[in-house]
J.: 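My questions will all concern the structure given below.
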Number of protein chains: 2
Amino acid sequence: MRVTIADVARRARVSKATVSRVLNNRGEVDAGTAVRVREVIAATGYTPSAGAVGLARGRTQTVGVLVPHLTCPWMGDVLQGVSDVLEAHGYGLLLHTMNRGADSVTRFTRHVSGNAFDGLLLVEPPDPLSCLTGLRESGFPVVVVDDGDDGDGDGDGDHPGFPSVATSNRAGATAAATHLLATGRTRPVVIPGPAALGRTRARTEGFRTPFTAAGHPTPHHVEADPTRAGGRTAITALLAENHEFDSVFTHNDLTAAGVLDALHEAHVDVPTQVAVIGFDDIDLAAHTQPPLTTVRRPSREMGEAAATILLANLAGAPFPTTPEIIPTELIVRASAP
Amino acid sequence: MRVTIADVARRARVSKATVSRVLNNRGEVDAGTAVRVREVIAATGYTPSAGAVGLARGRTQTVGVLVPHLTCPWMGDVLQGVSDVLEAHGYGLLLHTMNRGADSVTRFTRHVSGNAFDGLLLVEPPDPLSCLTGLRESGFPVVVVDDGDDGDGDGDGDHPGFPSVATSNRAGATAAATHLLATGRTRPVVIPGPAALGRTRARTEGFRTPFTAAGHPTPHHVEADPTRAGGRTAITALLAENHEFDSVFTHNDLTAAGVLDALHEAHVDVPTQVAVIGFDDIDLAAHTQPPLTTVRRPSREMGEAAATILLANLAGAPFPTTPEIIPTELIVRASAP
DNA sequence: GTGAAAGCGCTAACAA
DNA sequence: TTGTTAGCGCTTTCAC
């Protein structure tokens, strides 16, 4: 049988209340008594039951994390950032996936209303997560990670009104464009991400700005699946129709890798004939042929920031009113030196 | 204020016990009463408090998962497998990392003895996890995922005695060797993983067997960090000393990618001059130049299997006495056709 | 400084 | 079939 607070109290010849005081460092205990209690605790190896403490205190010291799925390249980084911060503060991390569709959401909702955690981190939530608004109104602490914010600080991401952490999508894309212009590229092709996402808009606009500002036409856009095959197909088609371009900017690295494939097959040299820049800086980016210049998205730092904000709120601090923006960084490699 | 079982009972004009019966489908309730109770539940949006249920029942419907860290390529797959199974059975997943060293372990241990979860999944535990033995003796349900088992079914992984899920490390390496032999390679170089791991032994032996069986000498071994840079350095050194070899087998894909780098730099053609086979089949493997032949390790399936075994045990079934082996699969790509 | 007692929200005998 | 009564293990007034 587990050793309970009552066992400790009996052996230390005090009341449960006193043991509780010692446990929670409520100074109002006689030094000698405290020592005695601590000895018994050590001797019995007593650990408070998380569930009982939670029930009595009304807080579980646990944070829920809802992610779309676990298999995309940067999710591990986000989670690691979250996990590090949570653990450092003694919080547990209850992980939920939306991988199994509607059923997943139902289960998740039950967990939420079952008070299984004190706060919630929403990673890359798909556009209209209906249960969200309910949560928000009920005052449940929620932080959105990587909302589709443009990163210019005015909080117009996909879930306005929620405290959130985002990256500088717009500025990152602008940096890519500026880099291309600085190296003499004037006719880029852009392969954007899903049109529904705020970050796609932000990256599109951020990329266009320097070009139009320099008097160049709006960059040519091409649709493609956000996969390696998608990028490859798109560029192959473009080459077939003899479209002229001297550079490609994709909204994700996987697509960029496909672009490199297509160019390679068509014997178009990278970077001399065409420069390529991706977005995200996933592991693969450093390993393509040639290595990919890309806009790094600070996944881990975003996870850390989100967890920090949530924990601060649980500790009584108000949520920040504007999104916290973690800056992107242009990683220059051989595909666009 | 949250709506509690007492609120529901009052509004349905029954006792809390009856509500509880309806909640848990204890058939012994009058149909009419049950309907009335359900109506009130629906009307109030009542959800049982997870903590209170856990305390009363002595079970939390939550499983702990301890992973070394979240950033390695296959961890997401393992977790996705675990998560899918757990969610499908209504279990929560409490995630712990050992990323922050000793402190992590301490926190984790507290969670364990705090009864925060009903069972535990240990993913790739480092060799001697001291708290493990204590757990085991106390009868706490633990399943080890990817123990360093050789996969030949005799249960001699790094943590013998624990129920576990592993992959066919030995057979996978044998398949790689057989493939090389079948394509005329007789002088391989092997870059093994960390010597302390059981799977390194298993893969080493599995690879050697076909060669010695065919009358060839034991393959040449070269030490290297399990990173891309490690593989590159190792092969560069080997080339510098004019060591003759016609193929390379590495215990992980990252190292293999480094090997490809080194060969490319030295203008050694792959696969005509040297064939290369890796292990794991991480995303990168399909994207190297040339694409990497590798032994796929079924990460996600391992996660699913481990969760299934644990849940079965929590439901009353005994643990299997031998490790569950999910087979590897040789993925043939251009680096060793 | 310390203890008694009343919950936290639920389940599970035991009666009725 | 249903209600009553104890807990589960802890925190927290409120007295002393």
Side-chain angles (χ1 to χ4, degrees), chain A residues 1-38 40-41 44-62 90 92 110-118, chain B residues 1-38 40-41 44-62 90 92 110-118:
Chain A
M1 201 50 211
R2 270 182 62 78
V3 20
T4 75
I5 198 174
D7 300 328
V8 175
R10 199 175 314 120
R11 291 189 47 165
R13 316 169 117 263
V14 295
S15 71
K16 296 191 297 176
T18 298
V19 176
S20 176
R21 288 181 184 114
V22 173
L23 245 26
N24 300 292
N25 298 311
R26 295 243 189 299
E28 353 149 288
V29 182
D30 178 83
T33 313
V35 169
R36 208 167 69 242
V37 172
R38 277 189 235 282
V40 175
I41 289 177
T44 53
Y46 166 71
T47 313
S49 149
V53 175
L55 185 57
R57 276 212 275 248
R59 293 175 134 246
T60 57
Q61 290 278 110
T62 296
R110 289 180 62 85
H111 244 155
V112 173
S113 38
N115 255 6
F117 32 75
D118 301 337
Chain B
M1 201 49 213
R2 270 183 61 80
V3 20
T4 73
I5 198 174
D7 300 328
V8 175
R10 197 175 316 119
R11 291 188 47 164
R13 317 168 117 264
V14 295
S15 70
K16 296 191 298 176
T18 298
V19 177
S20 175
R21 289 181 183 112
V22 173
L23 245 27
N24 301 291
N25 299 311
R26 295 244 191 299
E28 351 151 291
V29 182
D30 177 84
T33 313
V35 168
R36 206 168 70 245
V37 171
R38 277 190 235 282
V40 175
I41 290 177
T44 53
Y46 166 71
T47 313
S49 150
V53 175
L55 185 56
R57 275 213 276 249
R59 294 175 134 246
T60 57
Q61 291 278 111
T62 297
R110 290 181 62 88
H111 245 155
V112 173
S113 38
N115 255 6
F117 32 75
D118 301 337

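Just so it is clear, the structure is predicted and the values come from calculations on it, not from any experiment.
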J.: Using the side-chain contact (heavy atoms from CB on, under 4.5 Å) criterion, which residues pair with B:Asp118? Sequence neighbours excluded.
T.: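 B:Asp118 satisfies side-chain contact (heavy atoms from CB on, under 4.5 Å) with B:Arg59, B:Thr60, B:Tyr91, B:Leu314 only.
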J.: Can you tell me if the side-chain N/O atoms of A:Thr4 get under 4.0 Å from OP1 or OP2 in D:dG9?
T.: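 For D:dG9, neither OP1 nor OP2 has a side-chain N or O of A:Thr4 closer than 4.0 Å.
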J.: Over how many whole Å does the gap from A:Asn115 atom CG to C:dC10 atom C1' extend?
T.: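 My rounded result for the distance is 13 Å.
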J.: Should A:Arg36 and A:Val14 count as side-chain neighbours, where that means a heavy-atom distance under 4.5 Å?
T.: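 Counting from C-beta outward, A:Arg36 and A:Val14 do come under 4.5 Å.
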J.: Which residues pass the side-chain contact (heavy atoms from CB on, under 4.5 Å) test with A:Asp30, not counting sequence neighbours?
T.: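 Result, side-chain contact (heavy atoms from CB on, under 4.5 Å) vs A:Asp30: A:Thr33.
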J.: Would you give me the side-chain donor-acceptor pairs under 3.5 Å for residues 21-29 of chain A, sequence neighbours excluded?
T.:
unit_1: A:Asn24; atom_1: OD1; unit_2: A:Arg57; atom_2: NH1; d: 3.3
unit_1: A:Asn24; atom_1: ND2; unit_2: A:Ser20; atom_2: O; d: 2.8
unit_1: A:Asn24; atom_1: ND2; unit_2: A:Ser20; atom_2: OG; d: 3.4

J.: Side chain of B:Ser49 only, please: which of D:dC8, D:dG3, C:dC10 is the nearest?
T.: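 My answer, after comparing the listed nucleotides, is C:dC10.
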J.: Just how far is it from atom OG1 of A:Thr18 to atom CD1 of A:Ile5, taken to the nearest 0.5 Å?
T.: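 Output value for this atom pair is 9.5 Å.
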J.: For A:Arg10, check salt bridge (Lys or Arg N to Asp or Glu O under 4.0 Å) against everything at least two apart and list the hits.
T.: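 Testing A:Arg10 for salt bridge (Lys or Arg N to Asp or Glu O under 4.0 Å), a comparison that skips the adjacent residues, returns A:Asp7.
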J.: If I compare all heavy atoms of A:Gly90 with all of A:Gln61, which pair ends up nearest, and what's the gap?
T.: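 Answer, listing the atom of A:Gly90 first, then A:Gln61: O-NE2, 3.7 Å.
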J.: Take atom CZ of B:Arg10 and atom P of D:dT2, then tell me their distance rounded to the nearest Å.
T.: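 After rounding, the reported distance stands at 19 Å.
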J.: Is there a side-chain contact between B:Thr18 and the phosphate of D:dG3, meaning an N or O under 4.0 Å from OP1 or OP2?
T.: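 Answer is yes, contact under 4.0 Å.
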J.: Assign a letter to each nucleotide of nucleotides 11-16 of chain C from its 5' end: B, base within under 4.0 Å of a protein heavy atom; S, sugar-phosphate only; -, no contact.
T.: SBB---
J.: Please work out which residues in residues 30-38 of chain B have a non-hydrogen atom less than 4.0 Å from an atom of DNA chain D and list them by number.
T.: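 DNA chain D contact set from residues 30-38 of chain B: B:Asp30, B:Thr33.
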J.: Take the C1' atoms of the five end pairs on each side of the helix from C:dG1-D:dC16 to C:dA16-D:dT1, derive the two axes, and give their angle rounded to 10 degrees.
T.: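 Rounded value for the end-axis angle: 40°.
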J.: What's the CD-P distance between A:Gln61 and D:dT11, to the nearest Å?
T.: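 Between P of D:dT11 and CD of A:Gln61: 11 Å.
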J.: Can you list everything that forms a side-chain contact (heavy atoms from CB on, under 4.5 Å) with A:Thr44? Sequence neighbours excluded, please.
T.: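 For A:Thr44, the residues satisfying side-chain contact (heavy atoms from CB on, under 4.5 Å) (neighbours in sequence not counted) are A:Val3, A:Val8, A:Arg11, A:Val40, A:Tyr46.
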J.: Using the test salt bridge (Lys or Arg N to Asp or Glu O under 4.0 Å), find all partners of A:Arg13 that sit at least two apart in sequence or belong to another chain.
T.: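 Testing A:Arg13 for salt bridge (Lys or Arg N to Asp or Glu O under 4.0 Å), a comparison that skips the adjacent residues, returns none.
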J.: Take atom CZ of A:Arg59 and atom C1' of D:dG9, then tell me their distance rounded to the nearest Å.
T.: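 Nearest whole value for this atom pair: 20 Å.
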J.: In whole Å, what is the span from the CG atom of B:Leu55 to the P atom of C:dC8?
T.: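 Those two atoms, CG and P, are 14 Å apart.
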J.: Measure across B:Lys16 and B:Ala9 and return the closest heavy-atom pair with its distance rounded to 0.1 Å.
T.: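 Residues B:Lys16 and B:Ala9, closest heavy atoms: N-CB, 3.7 Å.
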J.: CZ of B:Arg13 versus C1' of D:dG3: gap in Å, rounded?
T.: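 These atoms are roughly 15 Å apart.
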J.: So, using side-chain contact (heavy atoms from CB on, under 4.5 Å) as the criterion, who are the partners of A:Ala116 when residues are at least two apart?
T.: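 Checked A:Ala116 against side-chain contact (heavy atoms from CB on, under 4.5 Å); matches are A:Leu94, A:His111, B:Ala50.
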J.: Specify the separation, in whole Å, of atom CD of A:Glu28 and atom P of D:dC16.
T.: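 After rounding, the gap between these two atoms is 18 Å.
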